[in-house]
Amino acid sequence: MPGGTEFTAMSMGISAKAVAGALFGRAAFLAGVWWILAEGAPSWAFGMLVILFALGASLLIAPPHGHHIRLVGLVRFAVFFLRESLRGGVDVALRALHPRLPLAPALLAYDLRLAPGPARIFMVNVVSLLPGTLSADLSESGLSVHVLDRNLPVQHQLQALEQRVAMLFGVSLSPGKGAHHG
């Protein structure tokens with residue numbers, strides 16, 4: 001483009017192999033989702049159009065990046081996710097059904113140690129799996145988290161989640177202050 005900046009994977013420091021891998025992985029994932037939604041029915045002509053559209057949209061929303069999800073991190077995160085989702089669901093159900101369980105809602109400010117990018121966005125989106133938590137706001141430096149009970153060990157839970165996400169994406173955490181009540 002004359003007079004403009006050409007936006008390519010190479011200009012972002014990402015190899016063509018990494019981009020091809022990301023495209024293949026996304027296309028395979030979307031094809032699997034389509035197969036599940038279509039219940040295995042032979043509707044692939046329309047499905048390919050949907051998959052191509054979804055693939056294009058995914059590239060606009062989240063262009064390929066240089067980070068790869070690590071298999072060991074994925075397995076560890078899946079176990080962590082299932083355990084914490086179950087704990088979170090049970091905790092909220094008990095609080096809703098048992099009037100004596102404490103409710104001390106608060107907003108907690110958490111200084112994120114993940115660098116801006118896919119890992120940080122993933123972290124923000126999965127905070128709600130922790131018992132009694134919900135992501136409320138994201139800023140450059142941190143995250144506001146709504147908690148049902150300020151006496152829960154939320155700081156420790158957020159740090160554990162952030163470490164799992166870092167392992168999943170194979171990235172390092174910067175030194176941070178952690179959580180404090182805002």
Side-chain angles (χ1 to χ4, degrees), residues 12 14 22 25-26 29-30 33 36-37 53-182:
M12 294 175 51
I14 303 170
R26 290 179 191 196
F29 173 76
L30 292 168
V33 169
I36 291 169
L37 291 174
F53 178 76
L55 184 60
S58 80
L59 292 174
L60 289 173
I61 293 169
H65 50 82
H67 303 292
H68 300 286
I69 292 179
R70 307 289 189 251
L71 183 58
V72 172
L74 180 61
V75 170
R76 288 181 178 164
F77 187 82
V79 170
F80 176 79
F81 179 85
L82 291 173
R83 183 184 71 229
E84 293 302 314
S85 292
L86 182 61
R87 280 188 40 200
V90 168
D91 181 71
V92 171
L94 286 174
R95 288 176 193 279
L97 298 173
H98 196 291
R100 290 187 218 175
L101 282 177
L103 284 178
L107 277 178
L108 179 82
Y110 183 76
D111 295 323
L112 290 165
R113 296 174 294 151
L114 286 165
R120 179 181 274 203
I121 298 301
F122 184 79
M123 158 90 179
V124 170
N125 285 313
V126 296
V127 162
S128 300
L129 73 90
L130 299 174
T133 61
L134 177 68
S135 293
D137 189 35
L138 176 64
S139 67
E140 282 187 37
S141 64
L143 174 66
S144 289
V145 179
H146 181 270
V147 296
L148 288 179
D149 184 355
R150 70 178 61 122
N151 299 315
L152 289 173
V154 177
Q155 177 178 1
H156 175 72
Q157 293 171 336
L158 290 170
Q159 289 171 342
L161 176 61
E162 196 169 28
Q163 289 171 344
R164 299 289 177 152
V165 171
M167 288 181 358
L168 174 64
F169 282 84
V171 297
S172 299
L173 295 174
S174 65
K177 298 174 190 164
H180 56 278
H181 290 283

query = Of the non-hydrogen atoms in I121 and L138, which two are nearest, and what is the gap between them?
reply = CD1-CD2, 4.2 Å
Minimum heavy-atom distance L173-E162, with the two atoms named = CD2-CG, 3.7 Å
ask   = Which atom names give the shortest non-hydrogen contact between L158 and M123, and what distance separates them?
value = O-CE, 3.7 Å
inquiry  = Is there a side-chain contact (heavy atoms from CB on, under 4.5 Å) between V127 and L161? Walk through the geometry before answering.
reply    = CA-CA 8 Å; V127 162; L161 176 61; 3.9 Å; yes
query = Are side-chain heavy atoms of T133 and L152 found at a separation under 4.5 Å?
reply = no
task = Start with the C-alpha gap between D149 and L103, add the side-chain angles, then the distance that decides, and say whether side-chain contact (heavy atoms from CB on, under 4.5 Å) holds.
result = CA-CA 5 Å; D149 184 355; L103 284 178; 5.9 Å; no
query = Atom CZ of F77 and atom CZ of F122: how far apart are they, to the nearest 0.5 Å?
reply = 4.0 Å
ask   = Side-chain contact, heavy-atom cut-off 4.5 Å: S135 with V124?
value = yes
message = Which heavy atom of Q155 sits nearest to which heavy atom of Y110, and what is that distance?
response = O-CE1, 4.5 Å
key: Nearest non-hydrogen partners of R120 and S139, listed with the distance   = NH1-O, 3.9 Å
task = Taking the side chain as every heavy atom from C-beta outward, state whether L143 and D137 have any atom pair closer than 4.5 Å.
result = no
query = Is there side-chain contact between L130 and V154, with heavy atoms separated by less than 4.5 Å?
reply = no
query = Which heavy atom of A119 sits nearest a heavy atom of V165, and at what distance?
reply = O-CG1, 3.3 Å
